[in-house]
Amino acid sequence: MLKGTGVSDGCGIGTAVVIEEKELDYSSVVYTTAEEEKARLNAAVNTFCERTERIGEELKKSAGEKEAEIMQGHIEMVHDPFMISQMQEQIDSGAVAEAAVETVCNQFIAMFEGLEDELTRQRVSDICDIRDDLLRILLGIHSVDLGSVPAGSILIAHDFTPSMTGKIRKENVQAIVAEVGGITSHSAILARAMGIPAVLSVPDAVKDIQNGDLLIVDGFTGKILSDPDEKTIREYQIRQRQWEQEKDSLKKFCHLPTRTSNGVAKAVYGNIGKPEDVQAVVLNGGEGIGLFRTEFLFMDRTAEPSEEEQFEAYATVVKAMNGKEVMIRTLDIGGDKNIPYLEMGKEDNPFLGHRAIRYCLDHQELFCRQIRAILRASAYGNVKIMLPLVTMAQEITKARQLIEACTKELREEGKTVREVPVGIMVETPAAAIISDELAHLADFFSIGTNDLTGYVMAADRGNQAVAELYDIMQPPVLRAIEMTIRNARKAGIPVGMCGEGAADPRLIPRLLEWGLDEFSVSASSILRTRKIISEHKAPEIHAIL
């Protein structure tokens, strides 16, 4: 049995198709003239863009508009004037077009790999994809046609780049397995969008799995079973049918209000990172946006987004939600989310360092540009501002003063600004311990269980050696959550949860018992969370929505 990271739910049973690409060797290519090499490079770039455009059109049909934008991003990246000029400079120095492509792309790869943020590091896969596609075009090598694999195939590769994944015909593919990639990689995003079970980060998968092997791929647990017996196959066939039945049964919850089995009103919201993510929340019947992670607007770029750009992004989401609540979290950077152009500086322990609300309050111009954009977007709907990583009352007070100053300033400019509630993320032990005090300064609480669990248990979520400790069901974490909910209710303010725990079947019954008002989860978990809530009772005195 092999083990990796399950990144797309479901079980696949089928025959292994191992994808091994030809070596991209250009050692025999002879330099002609700079003009001819540049012409070869330009021709390759044009061919790349044409092919990528076609793949994007196919992706729109198989995975959706949002996923097709990944391919458009590749086209924009390869058209980057800086990248092209760097390649041309390499050619002027005597490099063949192939060497110019590889050298410059590798420089970008090294730059992204050196960053601490996991999402930014995942862009390495995109640059590798562009590099290898350009090299294949220059060398006249045809890549493996994933669109022609037979029905019942399980695809095995070192990596599934977006261009590879975009060629997959999902009706023929039972699952995909790769040696690299994580939950946030584009291959994982595309697999989930197409509904294909996927397991990534499987060491030596290409070497250990042979063409024609009968495999079972468990996207829930990350397990890969080779040459399973009839009993195991039957068990997983039953699991497959149950999974399909479960997905079908959830559809009826799409546009139902969220209520417990005894009729107490609750709400299931969606978490998003980019404006385009809002459509998935709407399609799954989300009753609001419980967490808009605005830091993603600041990533994968060389300069801070302007107030106008941020306003457009926030207003897009607010308009799409059509009057439903949109909780916009202010910039949450630091820790594993480093943004190079903000020059935050290296820290020995960035998770306990100058991050999130601490950084924003010390960089008030940056903070106020974001606040102004959020306040302007409030003219189009129901907006709330949420402050991350609060540990003391002074942070709320100082932030409120700046928000009030921005409100006054905008109104003096003649802009429409609504009264916007200001709440906090309770994601530190400090905030939980003094939640009775903070509840009188905040308009609402949202419990961020991902960080809260790590900080309470002093355990890194990515460290398998302490995985048993990093568990939301640990008693100290449960006590912190219960205390926070209790203190919010005493103060009469709404309290929600926007961490992974909000969708955890083990925790939901307790959250209902304690009186949690709002559960904010990933778009794909909205219906299942609503269903679980509908199966449990809640004390009627807890209903304050």
**From CZ (Arg489) to OG1 (Thr484), nearest 0.5 Å** = 13.5 Å
**Complete:** Rounding to 0.5 Å, atoms CD (Gln245) and CG (Leu250) come to a distance of 12.0 Å
**Complete:** All heavy atoms of His255 vs all of Val282, minimum pair found to be CE1-O, 4.3 Å
**Message:** Could you tell me if the side chain of Thr449 sits less than 4.5 Å from the side chain of Ile481, heavy atoms only?
**Reply:** yes
**Item:** Side-chain donor-acceptor pair present, Glu287, Thr258, cut-off under 3.5 Å
**Value:** yes
**Message:** Taking CD in Glu419 as the centre, count heavy atoms belonging to other residues, nucleotides or ligands within less than 6.0 Å. Is the count above 12?
**Reply:** no
**Prompt:** Above 12 or not: heavy atoms from other molecules or residues under 6.0 Å from CZ of Arg411?
**Reply:** yes
**Message:** To check you understand the geometry: which heavy-atom pair defines the closest contact between Ala432 and Met483, and what is its length?
**Reply:** O-SD, 3.5 Å
**Message:** Around atom CG of Asn322, are there more than 12 heavy atoms from other residues, nucleotides or ligands closer than 6.0 Å?
**Reply:** no
**Asked** Does the side chain of Arg358 reach to within under 4.5 Å of the side chain of Thr391, using non-hydrogen atoms?
**Response** yes
**Test: Arg239 cationic atom under 6.0 Å from Tyr236 six-membered ring centre, within 45° of axis** = yes
**Message:** If you apply the rule side chain to side chain donor-acceptor pair (under 3.5 Å), what do you find for Ser153 with Gln174, and how did you get there?
**Reply:** CA-CA 6 Å; Ser153 295; Gln174 290 293 306; over 6 Å; no
**Message:** If I compare all heavy atoms of Thr316 with all of Glu312, which pair ends up nearest, and what's the gap?
**Reply:** OG1-O, 2.7 Å
**Prompt:** Taking side chain as C-beta onward, heavy atoms only, is Leu452 less than 4.5 Å from Thr428?
**Reply:** no
**Prompt:** Ion pair present between Glu535 and Lys531, side-chain N to carboxylate O less than 4.0 angstrom?
**Reply:** yes
**Prompt:** Would you say Asp362's side chain and Tyr359's backbone share a donor-acceptor pair under 3.5 angstrom?
**Reply:** no
**Item:** Short side-chain to backbone donor-acceptor contact, Asp443 and Gly423, under 3.5 Å
**Value:** no
**Request:** Locate the shortest heavy-atom distance separating Gly12 from Ile154; write the atom from each residue and the value.
**Result:** O-CD1, 3.8 Å
**Prompt:** Does the pair Val390 and Leu438 meet the rule for a side chain to side chain contact (heavy atoms under 4.5 Å, CB included), with working shown?
**Reply:** CA-CA 9 Å; Val390 167; Leu438 300 183; 4.2 Å; yes
**Message:** Between Leu478 and Leu507, is there a side-chain heavy-atom distance shorter than 4.5 Å?
**Reply:** yes
**Asked** Do side-chain atoms of Glu518 reach the backbone of Lys266 as a donor and acceptor pair under 3.5 angstrom?
**Response** no
**Item:** Between CE on residue Met497 and CG on residue Leu291, distance to nearest 0.5 Å
**Value:** 13.0 Å
**Message:** If we check salt bridge (Lys or Arg N to Asp or Glu O under 4.0 Å) with Glu409, which of these qualifies: Arg372, Arg369, Lys415?
**Reply:** Arg372
**Request:** Ignoring hydrogens and angles, tell me if any N or O in the side chain of Ser201 forms a donor-acceptor pair with the backbone of Val180 under 3.5 Å.
**Result:** no
**Prompt:** Out of curiosity, Phe296 CZ to Asp332 CG, how far, rounded to the nearest 0.5 Å?
**Reply:** 9.5 Å
**Prompt:** Could Arg293 and Glu295 be called an ion pair, given the rule that one side-chain N must be under 4.0 Å from one carboxylate O?
**Reply:** no
**Request:** Kindly give the heavy-atom pair with the smallest separation between Val177 and Phe160, and that separation in Å.
**Result:** O-CE1, 3.1 Å
**Prompt:** Are the side chains of Pro197 and Asp9 in touch, meaning some heavy atoms are under 4.5 Å apart?
**Reply:** no
**Prompt:** In terms of side-chain geometry, is the basic nitrogen of Asp436 or Arg486 positioned less than 4.0 Å from the acidic oxygen of its partner?
**Reply:** no
**Message:** Please determine whether the number of non-hydrogen atoms from other residues, nucleotides or ligands lying under 6.0 Å from atom NZ of Lys537 exceeds 12.
**Reply:** no
**Asked** Does a side-chain heavy-atom distance below 4.5 Å link Ile533 with Ser261?
**Response** no
**Message:** With a 6.0 Å cut-off (strictly less than), is the heavy-atom count around NZ of Lys3, excluding the residue itself, greater than 12?
**Reply:** yes
**Asked** Side-chain contact, heavy-atom cut-off 4.5 Å: Cys11 with Trp243?
**Response** no
**Prompt:** Counting only heavy atoms not in Lys324, do more than 12 sit closer than 6.0 Å to its NZ atom?
**Reply:** yes
**Item:** Polar side-chain atom of Thr529 near backbone of Ser525 as donor-acceptor pair, under 3.5 Å
**Value:** yes
Kindly list each side-chain donor-acceptor pair under 3.5 angstrom involving residues 373-387, sequence neighbours excluded, with atom names and distances?
{"residue": "Arg376", "atom": "NH1", "partner": "Glu307", "partner atom": "OE2", "Å": "2.9"}
{"residue": "Arg376", "atom": "NH1", "partner": "Glu308", "partner atom": "OE1", "Å": "3.2"}
{"residue": "Arg376", "atom": "NH2", "partner": "Glu308", "partner atom": "OE1", "Å": "3.1"}
{"residue": "Arg376", "atom": "NH2", "partner": "Glu308", "partner atom": "OE2", "Å": "3.4"}
{"residue": "Ser378", "atom": "OG", "partner": "Leu375", "partner atom": "O", "Å": "2.5"}
{"residue": "Ser378", "atom": "OG", "partner": "Arg418", "partner atom": "N", "Å": "3.2"}
{"residue": "Lys384", "atom": "NZ", "partner": "Glu325", "partner atom": "OE2", "Å": "3.0"}

**Request:** Answer yes or no: is there a donor N or O on one side and an acceptor on the other, between the side chain of Gln310 and the main chain of Pro305, under 3.5 Å?
**Result:** yes
**Request:** Check the pair Val281 / Asn284 against side chain to side chain contact (heavy atoms under 4.5 Å, CB included), numbers first and verdict last.
**Result:** CA-CA 5 Å; Val281 175; Asn284 282 283; over 6 Å; no
**Item:** Donor + acceptor pair across side chains of Thr453, Gln474 (<3.5 Å)
**Value:** no
**Request:** Take Val495 and Ile447 through the test side chain to side chain contact (heavy atoms under 4.5 Å, CB included) and record every step on the way to the result.
**Result:** CA-CA 8 Å; Val495 55; Ile447 302 170; 4.2 Å; yes
**Request:** Assess whether ring pair (Phe, Tyr, Trp, His ring centres under 6.0 Å) is satisfied between Tyr314 and Phe292, documenting all intermediate values.
**Result:** CA-CA 9 Å; Tyr314 306 144; Phe292 186 164; 5.7 Å; yes
**Request:** Nearest 0.5 Å please: distance from the CG atom of Leu516 over to the CZ atom of Phe445.
**Result:** 12.5 Å
**Prompt:** Can you check whether Phe367 and His363 have ring centres sitting under 6.0 Å from each other?
**Reply:** no
**Item:** Residue pair Ser520 / Asn271, side-chain donor-acceptor N/O under 3.5 Å
**Value:** yes
**Asked** How many angstroms lie between atom OG1 of Thr330 and atom CD1 of Ile357, to the nearest 0.5 angstrom?
**Response** 4.5 Å
**Request:** Decide, yes or no, whether a salt bridge links Asp504 with Arg506 under the criterion of side-chain N to carboxylate O below 4.0 Å.
**Result:** yes
**Request:** Would you indicate whether the side-chain heavy atoms of Glu244 and Arg241 approach each other to under 4.5 Å?
**Result:** no
**Request:** Give a yes or no on whether a salt bridge exists between Glu482 and Arg510, defined as a side-chain N under 4.0 angstrom from a carboxylate O.
**Result:** no
**Request:** Write down the atom of Cys254, the atom of Leu527, and the distance for their closest heavy-atom approach.
**Result:** CA-CD2, 3.3 Å
**Prompt:** Is the backbone N or O of Phe351 less than 3.5 Å from a side-chain atom of Tyr455, with the two atoms forming a donor-acceptor pair by type?
**Reply:** yes
